[in-house]
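As the structure lists them, so they are numbered: ligands from 1, and atoms in each ligand from 1. Given the structure is predicted, the values throughout are model-derived calculations rather than measurements.
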Amino acid sequence: MIKVLVTGANGQMGNEFRKLAGAGQDTEFIFTDVDELNITDEEEINKFIKKNPVRFLINCAAYTAVDRAEDEPENAYLLNADAVNILGRICIKNNIQLIHYSTDFVFDGALREPYTETDIPKPLSVYGKSKHAGEIYLKKLKTGIIIRTSWLYSSFGNNFVKTILRLAREKEEIRVVNDQIGSPTWATDLAAVTLKILGQHLDTLNQLNWGLCHYSNEGECSWYDFAKEIVRLAGLKTRINPIGTSEYPAQAIRPPYSVLNKSLIKNWLGIGIPVWKESLAKCIREITNKQ
Ligand SMILES: NC(=O)c1ccc[n+]([C@@H]2O[C@H](COP(=O)([O-])OP(=O)(O)OC[C@H]3O[C@@H](n4cnc5c(N)ncnc54)[C@H](OP(=O)(O)O)[C@@H]3O)[C@@H](O)[C@H]2O)c1
């Protein structure tokens, strides 16, 4: 039986693993969030790992409030960088393969073609900088598979899809930014591909790996295109009006373009990746069925 510890398991990604748990019969998941296991507390993690020896650790815990991070940089760095360093060191000591997520917001968006793993990060926001600092820690330790993803949404927690659905039910018109381009990612697809990576590493049980790869759904769009598709799929009549970033002041600066190139992960795992509209349709159905 392969034991997998999931940290930050009450968030979007964590809930996806809860959904998938049980599907694989030789995998036992241990789900924890801050109340059971605070990833900023080295002593607590050490004790937990001693009691619960695991082979994999999927870190879904993060400080993800992009705008709030501008006012709370210490909290963002504590969780997105310092805690990742702690996890990396503990994973090495205990021979645990770490899988960690990062973000398209490590890029400044100046490039106008999909970002590859070798493109140099230039984060614009505190959130992006803190996530990049976490990546650097793991690179220095040479441990952890980092999956950079973008525009993550799911039927759990708060995200763009759920916000647009709520606003669309409350208002006749919504204004949405149309000059930031990226790729939405359904957390269910990302969880499935993470488990595939985990499967790959079962063959190298005594060896810890470091690596960086990009994963999002296929295709690209603006937040405006994304919102229009959400409303269309939900059968709502709300009008979506395109606006520029300058008309929607936010605390954090976001990259105008942050599409990720997925060639590496597709070749490595021999997978195809669902197009964003297909996955969005599935997620909207899931949300509708829950209501
Ligand atoms: N969301 C996106 O659009 C997006 C885009 C690109 C990359 N990513 C990355 O993808 C990963 C997963 O994101 P997500 O959207 O699933 O995150 P999420 O929904 O915000 O979940 C993060 C979880 O971590 C928990 N947490 C907070 N502090 C903790 C601590 N000290 N110890 C343990 N757990 C703690 C949070 O609890 P509380 O809610 O109580 O704080 C929450 O349950 C993150 O690495 C994120 O940076 C996300």
Side-chain angles (χ1 to χ4, degrees), residues 5-20 30-45 48 57-69 72 74-87 90 98-107 115 121 123 125-135 137-138 144-164 180 182-191 193-194 212-217 223 226 250 252 254-255 258-260 276 280 283:
L5 171 60
V6 180
T7 51
N10 292 348
Q12 295 195 80
M13 280 309 294
N15 269 293
E16 293 298 334
F17 290 111
R18 290 182 193 271
K19 210 166 81 182
L20 293 172
I30 304 172
F31 294 104
T32 60
D33 206 278
V34 62
D35 289 343
E36 301 81 33
L37 186 59
N38 181 348
I39 65 155
T40 65
D41 186 336
E42 187 158 6
E43 204 181 314
E44 189 181 321
I45 310 169
F48 190 94
L57 194 164
I58 305 177
N59 179 33
C60 300
Y63 184 106
T64 55
V66 177
D67 288 312
R68 204 180 338 129
E72 299 181 350
E74 303 80 17
N75 294 346
Y77 272 86
L78 181 67
L79 206 52
N80 293 342
D82 301 341
V84 176
N85 188 27
I86 292 175
L87 289 179
I90 292 178
L98 174 64
I99 298 182
H100 175 70
Y101 299 102
S102 191
T103 172
D104 56 326
F105 282 12
V106 298
F107 295 116
Y115 280 93
S125 60
V126 168
Y127 168 72
K129 287 174 186 160
S130 66
K131 293 293 292 183
H132 184 225
E135 291 184 3
Y137 274 128
L138 294 183
I145 304 288
I146 303 167
I147 310 173
R148 283 196 193 127
T149 190
S150 61
W151 299 23
L152 196 64
Y153 66 89
S154 75
S155 62
F156 304 101
N158 296 317
N159 53 60
F160 184 78
V161 173
K162 291 175 76 180
T163 302
I164 292 295
Q180 290 170 28
S183 306
T185 307
W186 188 27
T188 304
D189 292 335
L190 179 57
V193 91
T194 305
L212 172 67
C213 56
H214 288 173
Y215 183 89
S216 67
N217 280 124
W223 292 108
F226 192 10
R254 287 155 169 84
S258 62
V259 177
L260 300 172
W276 71 269
L280 178 61
C283 182

Interatomic distance, NE2@H132 vs NZ@K129, rounded to 0.5 Å, equals 12.0 Å
Under the rule for side-chain hydrogen bond (donor to acceptor under 3.5 Å, both in side chains), what residues qualify as partners of D41, not counting sequence neighbours?
none
With side-chain hydrogen bond (donor to acceptor under 3.5 Å, both in side chains) as the criterion, how do Y101 and T194 come out once you've worked through the C-alpha distance, each side chain's angles and the decisive distance to 0.1 Å?
CA-CA 10 Å; Y101 299 102; T194 305; 2.8 Å; yes
Set of side chain to side chain contact (heavy atoms under 4.5 Å, CB included) partners for S130, sequence neighbours left out
A76, Y77, N80
Once side-chain hydrogen bond (donor to acceptor under 3.5 Å, both in side chains) is applied, do any residues pair with T188, and if so which ones, sequence neighbours excluded?
E16, K19, W186
Identify all N/O pairs between ligand 1 and the protein with a separation under 3.5 Å and present them as a table of atom names and distances.
from	atom 1	to	atom 2	distance (Å)
ligand 1	3 (O)	L152	N	3.1
ligand 1	15 (O)	Q12	NE2	3.0
ligand 1	16 (O)	Q12	N	3.3
ligand 1	16 (O)	M13	N	2.9
ligand 1	19 (O)	Q12	N	2.9
ligand 1	20 (O)	T64	OG1	2.7
ligand 1	31 (N)	N38	OD1	2.8
ligand 1	32 (N)	I39	N	3.1
ligand 1	37 (O)	D33	OD1	3.3
ligand 1	43 (O)	G11	N	3.2
ligand 1	43 (O)	D33	OD2	2.8
ligand 1	45 (O)	Y101	O	3.3
ligand 1	45 (O)	K131	NZ	2.7
ligand 1	47 (O)	Y127	OH	2.7
ligand 1	47 (O)	K131	NZ	2.9

Calculate, to the nearest 0.5 Å, the distance between atoms CD and CG belonging to E42 and D82 respectively.
11.0 Å
